[in-house]
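Some notes on the structure that comes next.
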Amino acid sequence: MTLKLNIKDKFNKALPADSILENYRRQVEGACFSFVTPKIPSHPSLIHVSPEMLHNLGLTKEDSETKAFLNIVTGAKVLTNTKPYAMCYAGHQFGNWAGQLGDGRAINLAEIEHDNKHWALQLKGAGETPYSRSADGLAVLRSSVREYLCSEAMYHLGVPTTRALSLALSGDQVLRDVMYNGNAAYEKGAIVARVAPSFLRFGSYEIFAARQDHKTLKTLVNFTIKNHFPHLGTPSKATYIAFFAEVAQRTLEMIVHWQRVGFVHGVMNTDNMSVLGLTIDFGPYGWLEGFDLGWTPNTTDREHRRYRYGNQPNIGLWNLYQLANALYPLIEATEPLEAILEQYKTDFDIESLKMMRSKLGLQIESPSDKLLLQDLEDLLQLTETDMTIFFRNLSRFKSEKPFEGFAVIEKAFYTLDDLSDSIIEQWNNWFQRYSERLKDESFSYEERKAAMNAVNPKYVLRNYMAQLAIDDATKGDYGVIEELFNLLKKPYDEQPESEKWFAKRPEWARNKVGCSMLSCSS
């Protein structure tokens with residue numbers, strides 16, 4: 001049996017290909033991609049499939065149960081009349097130019113059209129490519145579970161994101177040094193089939209600008225506009241400026257969503273920034289447990305905390321500067337690019353304030369809101385206060401009873417008994433101000449509660465939850481993966497049967513690898 005997919009490959013037909021067909025590590029010049037065949041897994045088996053993504057690709061549940069489907073999503077077989085490839089790109093990593101990077105462990109299988117939507121299907125962990133450098137191009141179960149669950153969780157939170165179709169075991173053992181400390185061990189190999197309209201990144205353009213290959217740069221930008229930003233019109237200098245402006249706006253919107261739900265990407269290198277404004281490359285990510293503007297989940301980033309929660313908006317801007325530099329050869333004018341970057345700063349302040357107002361159930365704008373919100377952020381950091389639980393429970397606050405405010409949110413504190421009288425008094429004073437502020441609103445209590453619960457999730461994929469799924473999956477039990485997958489489809493619903501997941505990080509997870517300590521191999 002063959003899968004009936006409406007294959008409409010564009011990227012590897014319209015753009016220049018690497019002329020060398022052998023699969024060995026090298027610098028690839030003048031090409032947007034290299035043809036490469038996935039490694040055939042020894043004994044592939046399917047762990048989980050997303051019904052929604054099946055439907056989006058025009059496939060059925062029955063299709064997903066066939067050997068043909070298993071073969072495709074694990075790289076055992078290549079789709080008929082397709083030529084898989086790895087994309088060429090560069091990037092800035094932790095603020096430093098890293099040169100050529102490329103798809104080191106991702107292989108693009110095909111592009112598919114269904115219901116007037118265009119999807120690129122990609123395998124992560126399916127073997128070596130010319131861009132693998134010293135790595136094996138494979139992935140392990142641990143990181144694959146995290147990517148599979150997170151990409152789907154983000155989508156249902158309303159965050160722009162790449163998606164996942166399936167999670168599978170390769171049947172092979174893969175050697176990994178989890179914390180880069182010399183303790184390498186074999187782990188179960190796994191493959192995620194992931195899906196997006198495109199996997200183009202900022203680094204896809206940076207590489208050609210850095211090499212002064214302006215011909216290929218222009219070809220790629222024109223392709224991007226034609227296929228992903230057609231509303232901007234025929235490519236020209238004015239169109240390139242409009243393109244950059246839209247990428248900046250999409251990036252801003254994505255990061256505002258990250259801040260809203262407390263998501264920290266952990267490795268915002270320019271090669272991990274989607275030109276479509278999608279969350280991409282789920283590595284050492286994490287959701288805030290205690291509200292902390294300085295928190296980063298990435299151990300590699302612990303010293304300088306470049307990618308900390310509170311700095312994500314600034315890093316978005318820094319990355320856009322690099323993209324602006326890459327596009328400059330096509331535009332040859334700095335003023336319009338600088339104006340867009342300045343607009344990002346202005347717009348981020350506006351959108352961030354609007355987002356925080358929504359989290360507090362404030363509809364009307366008031367000059368006092370900035371100070372109210374700043375004081376709240378300061379209070380949240382005085383003692384370890386769970387971000388998700390705090391904002392979710394805040395919706396139960398009744399403005400006519402400010403003296404009950406502290407009791408409404410006390411379950412969000414990790415060490416309630418350690419709170420000083422001074423801190424409790426500061427909270428009571430803040431609730432008094434919040435109560436006064438709510439009197440300016442026309443919302444009823446029930447209307448405000450519903451509005452707040454629509455933007456403040458009850459359930460997020462905390463790292464300890466992902467780790468529990470990983471621990472069981474390593475033993476061959478995929479029940480927690482299924483449970484979390486379904487839970488996270490409705491993160492804003494109460495789901496009383498799943499109340500156990502609406503809980504602070506357990507103490508055992510505070511310093512556990514995979515829960516609080518994550519590396520770029522996570």
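Note that this is a predicted model, so its numbers are computed, not measured.
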Pairwise distance [atom1]([X]) to [atom2]([Y]) - rounded to 0.5 angstrom:
{"X": "T388", "Y": "W287", "atom1": "OG1", "atom2": "CH2", "value": "9.0 Å"}
{"X": "D9", "Y": "E113", "atom1": "CG", "atom2": "CD", "value": "10.0 Å"}
{"X": "H265", "Y": "D281", "atom1": "NE2", "atom2": "CG", "value": "6.0 Å"}
{"X": "L101", "Y": "D271", "atom1": "CG", "atom2": "CG", "value": "5.0 Å"}
{"X": "L46", "Y": "S64", "atom1": "CG", "atom2": "OG", "value": "7.0 Å"}
{"X": "T296", "Y": "R305", "atom1": "OG1", "atom2": "CZ", "value": "7.0 Å"}

Can you confirm whether [X] sits close enough to [Y] that some side-chain heavy atom of one is under 4.5 Å from a side-chain heavy atom of the other?
{"X": "L220", "Y": "Y89", "result": "no"}
{"X": "F244", "Y": "L320", "result": "yes"}
{"X": "S204", "Y": "R201", "result": "yes"}
{"X": "F94", "Y": "T300", "result": "yes"}
{"X": "N463", "Y": "R505", "result": "no"}

Pair [X]-[Y], side-chain donor/acceptor within less than 3.5 Å:
{"X": "S236", "Y": "T239", "result": "yes"}
{"X": "Y307", "Y": "N269", "result": "yes"}
{"X": "W501", "Y": "E483", "result": "yes"}
{"X": "N222", "Y": "T219", "result": "no"}
{"X": "S42", "Y": "D172", "result": "yes"}
{"X": "Q322", "Y": "E206", "result": "no"}

What pair of heavy atoms forms the shortest contact from [X] to [Y], and how long is it?
{"X": "R260", "Y": "M387", "answer": "O-CE, 3.6 Å"}
{"X": "A466", "Y": "L484", "answer": "N-CD1, 4.4 Å"}
{"X": "V28", "Y": "Q100", "answer": "N-OE1, 2.8 Å"}
{"X": "I481", "Y": "A469", "answer": "CG1-CB, 4.0 Å"}

Salt-bridge criterion met for E128 and R25 (N-O under 4.0 Å): yes

- Task: May I ask you to say whether E253 pairs ionically with R250, meaning some side-chain N is under 4.0 Å from a carboxylate O?
- Result: no

Practice task
Kindly check if the number of other-residue, nucleotide or ligand heavy atoms within 6.0 Å of NZ (K188) is above 12?
Solution key: yes

Item checked: I20 atom CD1, over 12 foreign heavy atoms within 6.0 Å -> yes

Notebook entry, point to check: Given R163 and E52, is the salt bridge (Lys or Arg N to Asp or Glu O under 4.0 Å) satisfied, shown in steps?
Noted result: CA-CA 10 Å; R163 305 290 301 274; E52 185 178 350; 3.3 Å; yes

Run the ring-centre check on F485 versus Y148 and record whether the distance is less than 6.0 Å. yes

In N272, V159, I255, the residue satisfying side chain to side chain contact (heavy atoms under 4.5 Å, CB included) with T279 is V159

Take D63 and T60, measure what side-chain hydrogen bond (donor to acceptor under 3.5 Å, both in side chains) needs, and give me the verdict at the end.
CA-CA 5 Å; D63 288 327; T60 64; 3.1 Å; yes

Classify the ring geometry of F282 against Y285: parallel below 30°, tilted from 30° to 60°, perpendicular beyond 60°.
perpendicular

Just list the side-chain donor-acceptor pairs under 3.5 Å for residues 226-234, sequence neighbours left out, or say none.
from : atom 1 : to   : atom 2 : distance (Å)
N227 : ND2    : F223 : O      : 2.9
H231 : NE2    : E246 : OE1    : 2.7
H231 : NE2    : E246 : OE2    : 3.2

Dump the intermediate steps for salt bridge (Lys or Arg N to Asp or Glu O under 4.0 Å) on K39 and D136, then the final yes or no.
-> CA-CA 11 Å; K39 178 184 178 183; D136 57 18; over 6 Å; no

